[in-house]
Amino acid sequence: MSSKADILARIRRNPTPAAPLPELEEAWITYPDPVAHFFEVLTSVGGQGQAVSNGDGAADAIRQLPCLADARRIVCRVEGVALGNVDLAAVADPHDLADIDLAILPAEFAVAENGAVWVTDRGLPHRVLYFITQHLVLVVPRREIVHNLHEAYRRLKFEEPGYGLFISGPSKTADIEQSLVIGAHGPRSLTVLLCD
């Protein structure tokens with residue numbers, strides 16, 4: 001008998017008793033000021049953010065970012081913010097986006113608990129933009145902030161094929177000598193703007 005067969009036979013002889021699944025309808029954590037908590041957590045994971053008044057407020061906030069001064073190729077998919085100079089409709093091969101300096105993209109909602117933002121590829125022809133750009137700005141409607149991940153999961157809909165993920169802070173790693181490196185294998189900065 002092989003080792004694998006022996007191990008599986010022993011597992012079958014000693015089954016684990018069934019356990020009931022936990023209840024998911026609990027009083028999950030909420031925050032007196034979810035916006036303030038979101039920004040606090042976002043900052044703690046290396047991101048930055050601010051609340052802005054409207055589309056003009058978002059454009060003004062982006063103009064104040066230090067990364068804009070050196071940005072040559074900018075993608076902007078946020079309505080009312082006219083700062084982009086790359087036409088994504090003219091880009092057939094995502095490899096042609098390798099030198100994007102700044103991507104300004106809409107997001108669906110934010111989570112106060114962990115400073116995460118939910119993004120999808122709806123209306124975005126190349127989802128690689130979330131990862132290949134040097135600097136990433138996500139614009140979220142302020143009314144679309146939830147307290148915790150349980151509320152966030154209830155909002156997720158997968159009625160058709162697509163792509164979505166939570167982004168919390170810029171790319172980072174601490175694998176090398178226990179030293180935190182920001183921008184290790186993705187955006188070097190993340191700015192989240194909560195728009196009224």
Side-chain angles (χ1 to χ4, degrees), residues 18-62 65 75-81 103-133 135-174 180 182-196:
L21 294 174
E23 277 296 322
L24 295 181
E25 296 305 319
E26 295 188 21
W28 303 110
I29 191 165
T30 59
Y31 303 95
D33 186 347
V35 171
H37 191 80
F38 172 79
F39 287 137
E40 179 183 333
V41 176
L42 178 65
T43 301
S44 76
V45 297
Q48 61 183 348
Q50 70 183 69
V52 294
S53 58
N54 53 33
D56 291 336
D60 291 342
I62 295 166
L65 296 175
V75 170
C76 183
R77 301 292 282 195
V78 174
E79 196 173 311
V81 178
I104 305 162
L105 305 172
E108 293 190 14
F109 63 89
V111 185
E113 179 180 22
N114 63 354
V117 178
W118 177 254
V119 297
T120 68
D121 64 350
R122 282 191 282 275
L124 187 66
H126 304 294
R127 62 184 177 219
V128 71
L129 273 171
Y130 292 119
F131 315 105
I132 203 165
T133 185
H135 302 277
L136 178 61
V137 174
L138 297 174
V139 180
V140 185
R142 185 180 176 136
R143 68 183 178 283
E144 301 298 335
I145 189 164
V146 297
H147 291 275
N148 56 63
L149 281 170
H150 297 284
E151 291 179 23
Y153 292 148
R154 280 195 287 269
R155 294 187 61 156
L156 301 182
K157 303 280 188 258
F158 301 101
E159 294 154 354
E160 58 189 45
Y163 177 82
L165 75 149
F166 287 104
I167 295 177
S168 182
S171 165
K172 55 195 156 298
T173 183
L180 180 63
I182 302 288
H185 39 64
R188 297 183 330 200
S189 73
L190 170 69
T191 302
V192 178
L193 301 177
L194 294 182
C195 236
D196 285 338

Say you draw a straight line from [atom1] of [X] to [atom2] of [Y]; how long is it, rounded to the nearest 0.5 Å?
X	Y	atom1	atom2	value
Y153	F166	OH	CZ	6.0 Å
L105	I167	CG	CD1	8.5 Å
L156	T120	CG	OG1	10.5 Å
L138	Y130	CG	OH	7.0 Å

Where [X] and [Y] come nearest, the two heavy atoms and their spacing:
X	Y	result
S168	L190	C-CD2, 4.4 Å
V52	A58	CG2-N, 3.8 Å
F38	V111	CD1-O, 3.4 Å
V45	P170	O-CD, 3.6 Å
P34	I145	O-CD1, 3.6 Å
A51	F39	N-CZ, 3.6 Å

query = Is it true that atom CZ of R77 has more than 12 heavy atoms of other residues, nucleotides or ligands lying nearer than 6.0 Å?
reply =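 Yes, because the 6.0 Å sphere around CZ of R77 holds more than 12 heavy atoms from other groups.
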Does any part of the side chain of [Y], heavy atoms only, come nearer than 4.5 Å to the side chain of [X], both counted from C-beta?
X	Y	result
I104	L193	no
L42	V192	yes
P106	V78	yes

request  = Sort and list the pairs that fulfil salt bridge (Lys or Arg N to Asp or Glu O under 4.0 Å) and have at least one residue in residues 144-163, not counting sequence neighbours.
outcome  =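 Those involving residues 144-163 are E144-R155.
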Please enumerate all residues that pass side chain to side chain donor-acceptor pair (under 3.5 Å) together with [X], with sequence neighbours excluded.
X	answer
R122	E108
T133	none
R188	Q134, H135
Q48	T191

request  = With sequence neighbours excluded, tell me which residues meet ring pair (Phe, Tyr, Trp, His ring centres under 6.0 Å) with Y31.
outcome  =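 So Y31 forms a ring pair (Phe, Tyr, Trp, His ring centres under 6.0 Å) with H37.
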request  = Check whether any side-chain N or O of D121 sits under 3.5 Å from a backbone N or O of R127 as a donor-acceptor pair, and report yes or no.
outcome  =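 Checked: no pair found.
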